[in-house]
Structures are given as C-alpha cells and as structure tokens.
Amino acid sequence: MFHERHALAPAARELLAAADPAFAGASLDVSDGDDMFRFHVLLATSASEAVLGYFGTAAAIQASMDLVVRWHFGSWDAVGSFLDFASGFGRSTRLLVRRLPADRVSVGEIQDAALRFQASTFGVQPVSSGVDGIELADDVVFDAVFVISLFSHLPADGFEAWLARLWDRVGPDGVLAFSTHRADHAPPDADLTTGLHFMPQNEIPSLDVHRYGTSFVTDEYVRGVVARVCGTEAAARVQRVEGLFGIQDLYVVARSERNPEPIAPPAPAVQGHLDGVTIDGSRVTVGGWALCASDVPAVTPAILATVDGAPVMASTGSRRADVADHFGRNADIGYVFSGWHATFDVPPGTDPQLTIIARAGSQERMLFAGPVSSLPR
C-alpha cells in the first residue's frame with residue numbers, strides 16, 4: 001500500500017523529521033490491510049493529503065504519549081514496559097520504537113494480521129485480544145497502558161468493561177491513558193442523557209458495528225466510570241487533556257500521585273488545507289486556508305512554500321468566509337481571513353517537487369509535499 005520506495009516517501013519522511021529528528025529513520029512501510037491508511041485515502045483529495053494525514057496523525061499520537069510520559073515518569077528512560085492497546089497496524093508504533101527499545105513495547109489488537117505485521121515490521125511484542133478480554137497471564141502488568149481510538153468507539157457496557165480490563169494491566173506505579181470523542185462534537189440529534197451517545201458505524205468494515213461503532217461522551221460520564229472502576233482515589237487524580245486531533249480528549253489515570261501538577265496542555269495545533277489549484281500554461285497557482293486557534297482571534301500561520309528547494313512567495317490573509325462558517329467562528333478575523341495562495345512557474349517538460357508548510361511559532365503542518373503533477377485538480 002505504501003512503502004519506503006513510494007514516490008511520496010520523501011514527503012512522509014520530511015514530515016516526521018520535522019516533528020522530531022528522532023523520527024527521521026522510522027519505518028515507512030504500511031500494511032495492505034491498514035484500515036486507517038485506507039480511511040485517510042478515502043477522505044483525501046490527493047495522494048499527498050492521504051499520506052501526510054496518516055503520518056501526521058502518527059506524529060500527533062506519539063506527541064500525546066510523550067506528554068503523558070514526561071508528566072508521570074519524567075522521561076522515557078523510566079518506562080520499563082509499555083502496552084499500546086488497540087494499536088491497529090502500527091500507525092504510531094513506528095515512532096514509539098524510536099522512544100523505547102522494541103522489546104519493551106507490547107501492542108494489543110483484536111486483528112491477528114495487524115499483530116503479525118507489527119511484530120515482523122517493528123519487532124514489538126504482540127498481545128492477542130478477543131472481544132471480551134486480553135490474552136495475557138493475570139499477573140502481567142505494564143508501567144504505561146495507552147489506548148487511542150478504542151473508547152471513542154464503544155457502547156456503554158463495553159466502555160466500562162474495557163476500562164476495568166485495562167486498569168487491571170496497569171502496574172503499581174503505572175498510568176493508563178485513553179482517548180474519547182468530545183460530547184460537543186456529537187451530532188445535533190445525539191441523546192447524551194446518560195452521558196454517552198453511541199452510533200453503530202465505524203471506519204473498519206471487519207469489526208461488528210454494535211460492539212465497535214462511534215461514541216461521544218461527557219466529562220462527567222468518564223469521571224463517573226473511572227470512579228466506579230478504578231476507585232475514588234484514582235478518580236481524584238484523573239487528568240483530562242483537551243483537543244487531541246481536534247475532536248478527542250485524552251484521559252490519564254495514575255495508580256499513584258507521582259506528580260501532583262496538572263499536565264501541561266500541548267501547544268495548539270496548526271490546521272489547514274490546500275484546496276485550490278489553477279494552471280495557466282507554465283504558471284501554477286495553489287491556494288487554501290491555514291490557522292492556529294491559539295488565541296482569540298486565531299493566529300494566521302506563515303506559509304512556507306518551496307519548489308525543488310527554492311523558496312516561493314506565498315500570500316496570506318485572503319478572505320475565507322466559508323472556513324469561518326464551517327467552524328462557527330464568523331466573528332474571528334483569524335478564521336475569516338485564513339486564506340493563502342502561492343504562484344510559481346513550472347518550465348515545460350519538468351515536474352518539480354513542491355512543499356507547502358503552515359507554521360505558527362513552534363507548531364507547523366505540512367499541507368502538501370510531492371511532485372507538481374500530483375496536485376489535486
């Protein structure tokens with residue numbers, strides 16, 4: 001599906017290296033069975049957008065792991081064992097093994113093909129799971145258990161049951177982190193009377209939509225379940241990190257209070273998109289929108305564009321009322337004037353490499369990387 005020799009592999013590697021130089025040597029191999037990669041392809045308007053979305057999400061997941069580890073352990077050196085549960089085909093495992101030796105990383109999955117791929121590609125330890133439990137001896141526990149995009153897909157009974165199973169796998173001084181879909185991103189007709197709204201639909205066709213669909217939860221609901229399952233002392237230590245991927249929250253539950261300070265929230269992410277291309281002879285004009293909602297009003301990122309490594313002038317601040325409408329921020333000039341465009345010449349018979357990055361402070365987002373011929377038309 002995607003591999004080290006793919007035409008867009010240099011773009012993926014550039015994105016990962018920009019996120020952290022330690023990721024520069026990460027494996028780029030993606031399994032043909034990777035539903036998450038297929039999901040990015042389905043949503044994208046170009047191959048470049050799909051590739052950058054997939055690897056960009058991997059970097060965002062790893063950043064959330066880094067956040068939790070720094071807060072609870074101080075550094076990755078203090079983590080002796082790590083379980084990444086519901087890890088799929090290893091979208092972020094390729095980066096996790098740049099933090100920890102592979103023999104200290106276990107990955108849990110219900111899909112056997114995913115476990116085989118991760119074990120052979122990344123050298124991690126596979127942990128099989130059924131719909132009702134984890135296939136491990138009762139006394140096997142981990143310093144850290146990380147669960148992205150499982151609880152965001154569970155009905156109420158599954159939510160509580162899986163929290164209990166995974167809490168049992170957290171060592172005496174360990175920590176559990178899991179993500180949920182924010183209630184304020186639920187559909188307008190969602191019934192949140194109980195604190196959880198469940199819909200029988202997902203992005204992985206092989207999984208039963210009634211056991212693994214899409215759910216949205218309130219903060220009160222999550223804290224109530226944590227109190228019942230993990231105990232009131234653990235519930236009193238719950239940390240909530242808002243804004244993971246824009247629509248999820250990350251909940252962190254620790255066995256002990258190693259660090260009484262709240263987790264510092266991550267820097268606001270840059271958002272943006274390349275959504276317009278016009279070609280007039282050798283003249284190419286690309287455009288889109290970009291913003292960073294770090295303040296009110298939002299910050300307008302700088303657009304850094306290069307063609308075969310040579311800088312190209314890009315203009316920002318053009319009106320994008322459609323973007324403001326989409327986000328419901330019509331009074332915020334950062335959204336209203338979030339448009340950008342860049343124009344450059346492509347000599348006949350050439351196909352140069354185009355890179356477009358939106359940057360605000362220390363945060364950046366790669367909006368496009370690839371040959372000009374691969375621009376969405």
Side-chain angles (χ1 to χ4, degrees), residues 35-36 39-40 53-54 56-72 82-93 95-96 107-110 114 129 142 144-156 158-167 169-170 174-186 190 192 195-199 201-204 207 211-226 229-230 234-235 237-254 262-269:
D35 292 294
M36 291 297 96
F39 184 64
H40 280 282
Y54 178 86
T57 301
I61 292 173
Q62 185 56 51
S64 66
M65 293 183 182
D66 293 339
L67 194 71
V68 172
V69 166
R70 282 196 304 270
W71 170 75
H72 190 68
F82 191 102
L83 172 63
D84 185 5
F85 194 76
S87 58
F89 282 81
R91 175 172 52 180
S92 60
T93 306
L95 307 183
L96 177 56
V107 293
E109 246 305 319
I110 196 171
S129 170
F142 302 87
V145 177
F146 208 86
V147 194
I148 289 291
S149 293
L150 173 62
F151 290 92
S152 51
H153 294 276
L154 297 176
F159 195 106
E160 189 150 343
W162 273 108
L163 184 63
R165 292 171 190 138
L166 291 163
W167 183 244
R169 297 298 173 178
V170 179
V175 64
L176 167 67
F178 61 94
S179 70
T180 65
H181 279 137
R182 300 168 57 91
D184 56 4
H185 285 272
L192 286 160
L196 183 148
H197 176 73
F198 178 78
M199 303 184 301
Q201 60 187 57
N202 66 45
E203 69 275 22
I204 303 180
L207 300 183
R211 286 180 175 267
Y212 185 91
T214 301
S215 60
F216 300 86
V217 294
T218 63
D219 182 59
E220 293 76 15
Y221 176 84
V222 176
R223 292 178 185 275
V225 175
V226 170
V229 170
C230 308
R237 292 191 291 270
V238 169
Q239 298 270 345
R240 176 190 178 195
V241 182
E242 300 184 32
L244 187 66
F245 315 137
I247 62 170
Q248 295 195 35
D249 289 334
L250 186 69
Y251 284 89
V252 183
V253 191
I263 298 177

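Here the structure is a predicted model, which means the values were calculated and not measured. Residues take their numbers from the sequence shown, with the count starting at 1. Keep in mind that the numbers below use all heavy atoms, side chains included, and drop hydrogens, waters and symmetry copies.
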Closest approach of M65 to F82 (non-hydrogen atoms, all atoms of both residues)
SD-CZ, 3.8 Å
Y251 side chain near D219 side chain, heavy-atom distance below 4.5 Å
yes
Which atoms form the tightest heavy-atom contact between L83 and G108, and what is the distance?
CD1-N, 3.9 Å
Rounded to the nearest 0.5 Å, what separation is found between the OG atom of S129 and the CD atom of E109?
8.0 Å
What's the shortest heavy-atom distance between A86 and L150, and which atoms?
CB-CB, 3.9 Å
To the nearest 0.5 Å, tell me how far T214 OG1 sits from M199 CE.
5.0 Å
Looking at every non-hydrogen atom in both residues, tell me the closest pair between A235 and V226 and how far apart they are.
CA-CG1, 3.9 Å
Could you tell me whether a side-chain N or O of H181 sits under 3.5 Å from a main-chain N or O of Q248, the two making a donor and an acceptor?
no
Holding to salt bridge (charged side-chain N to carboxylate O under 4.0 Å, His left out), I want the full list of residues that pass it with D66, two or more places apart in sequence or in another chain.
R99
Which distance, rounded to the nearest 0.5 Å, do you find between the OG1 of T180 and the CD1 of I148?
10.0 Å
Value rounded to 0.5 Å, distance of CD in E160 from CZ in R165
11.0 Å
Using every non-hydrogen atom in the two residues, find where V145 and R169 come nearest and quote the distance to one decimal.
CG2-O, 3.8 Å
Please report the C-alpha distance between F198 and F159 in whole Å, then the side-chain angles of each, then the deciding distance to 0.1 Å, and finally whether the ring-ring contact (aromatic ring centres under 6.0 Å, His included) criterion is met.
CA-CA 11 Å; F198 178 78; F159 195 106; over 10 Å; no
Considering non-hydrogen atoms only, spot the tightest contact between L250 and A177 and give its length.
CD1-CB, 4.3 Å
Separation of H40 NE2 from T57 OG1 (nearest 0.5 Å):
3.5 Å
Hey, could you give me the CG/CD1 distance between L96 and I61, rounded to the nearest 0.5 Å?
10.5 Å
State, yes or no, whether a side-chain contact exists between D84 and S92 at a heavy-atom distance under 4.5 Å.
yes
Pair W162 and F178, ring centroids less than 6.0 Å apart:
no
State, yes or no, whether a side-chain contact exists between F151 and V225 at a heavy-atom distance under 4.5 Å.
no
Please check if the side chain of S215 supplies one atom and the backbone of S152 the other of a donor-acceptor pair under 3.5 Å.
yes
